[in-house]
Each structure stands twice: as structure tokens, then as C-alpha cells.
Amino acid sequence: DFEDDIQTGDSPNMLTLNQIRFALFSKAKKVNKGLLEEIQRSVFEGIRYPADMAASVLSLINRDGNLSRPRMGLLKAYLRRNYKEVLGVGLDRANSNKMYLCGRLFAVARKVQEDGARRDINRTLFDRYFKQVRISPEATIPKVRDSYEYYLKKVKNPGRYGKEMTEIITLMDGSYPAGHQDSRNQIMFLMGFDDQYNNFFKKNSDKTVGQAKETEDQNEEKAKEAV
């Protein structure tokens, strides 16, 4: 059902009609009531989502680069129902779809630049290539990898990123998708990018939680000893 289709993370996604509206239309753009009605029909009748739903979300992402949970949920729902794509929740290390892998690669390169840059950058890797790389990955990935190699030398923990990149390149098997990518493939790229990039922060969060629990346990032991 719709709630299952839109799941993108550990916490359940519950989209209201207003959230769907904001995910589809910019403030300056008039709401397409016909499209909203088509989506509602798809939700209630379990039929394919309209292609314009994906096109509208992609258009907004092209404009502002915002991968909000409602937007990503709608795109994931589109792939799951319309193309029967098997998409889990969170990073899928076994996914060998090349556009998913290209998205993962771009996420690693972006994070390496963020961690390795010693000053603010006028135009980041994300600014330069985010749209271009998912439309023409074969032509763009070499530039992305050049940036990755440059900033990898500047990060404190290159092994962490090197392990991720090696895994991705191995699954990629020596080639990138050629030509202009359609909306389905562009969405697969976004899934890989979003899963990989968020996974960096999830690991840090899990580590922080573990450290907090360890500190809490130590404090309890000290309190018992004091008594």
C-alpha cells in the first residue's frame, strides 16, 4: 500500500496531503489539482502512479537540490509500484543497479569533499555536477572521481571512504551507464545517493548513541561504588 511504498528510512513516513502538495509543486507554481486527484486515485485503488508525479518531483530537485523525505518517498513509491523495483529501507550494499551505484559513488565523493575542504568552496561538487551526473553519468563520473581523489588526500580518515569506493567500483564492474538517462534511471541514482549519504550520518549517530550508553553505564558504576 501507499505507506509501504513511500518508506525511506528507519522511521515510518506518513505523508499528509499538504506534504504531498509541497513535494510536487513550488510555492510559485500553481497546484495541478488534476495530478493530485490522479495520485489520490493511485493511492486508494492501488494502480500505477502517474508519470507526471515523478516528473514534477524531479523538476523541483533539479531546481533546488532538496531531497526531502516527502520527495524521496514519492519517488521511491513510483519505482516500487510502477516498475516493481525491490527497494529496501536504507543503504543496500547488494544492489548492483549501475545507476544506484553511480548515486552511491557521487555521495562518497561529496562527503569526501565536505570533510577534506579546508575552506568554503564557491561551487561544490554537488553544485557543479548533481544534475549532470545523473543525466549523463558516463561523461561525468570521471570528473567526480578526480575530485574524490584530490580531496581524499586531505581527509583524516581516508580508509573509511576508500573502503566504500572500492565496494562501489567492484560492483560497477568497469563501466558507467552511457547516454542520456530517463527518469526511471535518474530516480535510481537519487536512491543510491540518498541512501549512501545518509548512511554516513547514521553510522556517526549510532556510534554517538553507543558512546552515550557506555558513559551512562560508567556513571552508574561510579555511583554504586560511592554508595
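Note: Ile47 CD1 to Arg41 CZ = 4.0 Å, rounded to the nearest 0.5 Å. Interatomic distance, Asp194 CG to Leu67 CG, rounded to the nearest 0.5 Å: 5.5 Å. Rounded to the nearest 0.5 Å, atoms CZ (Phe25) and OG (Ser59) are 11.0 Å apart. To the nearest 0.5 angstrom, Leu60 atom CG is 4.5 Å from Arg71 atom CZ. Expressed to the nearest 0.5 Å, how far OG of Ser183 lies from CG of Asn82 amounts to 9.5 Å.
For Asp182, the side-chain contact (heavy atoms from CB on, under 4.5 Å) partners two or more places apart in sequence, or in a different chain, are Arg184, Asn185. Residues passing the side chain to side chain donor-acceptor pair (under 3.5 Å) test with Lys131: none are found, sequence neighbours excluded. By the side-chain contact (heavy atoms from CB on, under 4.5 Å) test, Thr124 pairs with Gln113, Ile121, Phe126, Asp127, sequence neighbours left out. Shown here are the salt bridge (Lys or Arg N to Asp or Glu O under 4.0 Å) partners of Arg128, two or more places apart in sequence or in another chain: there are none. Scanning for side-chain contact (heavy atoms from CB on, under 4.5 Å) contacts around Asp52 gives Leu35, with sequence neighbours left out. Listed by chain and number, the residues in a salt bridge (Lys or Arg N to Asp or Glu O under 4.0 Å) with Asp173 amount to none (sequence neighbours excluded). In this structure, Asn122 has no side-chain contact (heavy atoms from CB on, under 4.5 Å) partners at least two apart in sequence or on a different chain. Not counting sequence neighbours, Arg80 has no partner by the salt bridge (Lys or Arg N to Asp or Glu O under 4.0 Å) test. With sequence neighbours excluded, no residue forms a salt bridge (Lys or Arg N to Asp or Glu O under 4.0 Å) with Arg48.
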Taking only distance into account, with no hydrogens and no angle test, what donor-acceptor pairs under 3.5 Å do side-chain atoms of residues 97-110 form with protein atoms, sequence neighbours excluded?
| residue | atom | partner | partner atom | Å |
| --- | --- | --- | --- | --- |
| Asn97 | OD1 | Met99 | N | 2.9 |
| Asn97 | OD1 | Tyr100 | N | 3.1 |
| Lys98 | NZ | Met172 | O | 2.9 |
| Lys98 | NZ | Ser175 | O | 3.3 |
| Lys98 | NZ | Ser175 | OG | 2.5 |
| Tyr100 | OH | Asp92 | N | 3.0 |
| Tyr100 | OH | Asp195 | OD2 | 2.8 |
| Arg104 | NE | Gln196 | OE1 | 2.7 |
| Arg104 | NH1 | Glu167 | OE2 | 3.2 |
| Arg104 | NH2 | Glu164 | OE1 | 3.3 |
| Arg104 | NH2 | Glu167 | OE2 | 2.6 |
| Arg104 | NH2 | Gln196 | OE1 | 3.1 |
| Arg110 | NE | Glu114 | OE2 | 3.1 |

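Sorted by first then second residue, the side chain to side chain donor-acceptor pair (under 3.5 Å) pairs that include residues 141-156, not counting sequence neighbours, are Arg145-Tyr176. Residue pairs meeting the ring pair (Phe, Tyr, Trp, His ring centres under 6.0 Å) criterion with at least one partner in residues 47-85, sequence neighbours excluded, are Tyr78-Tyr83.
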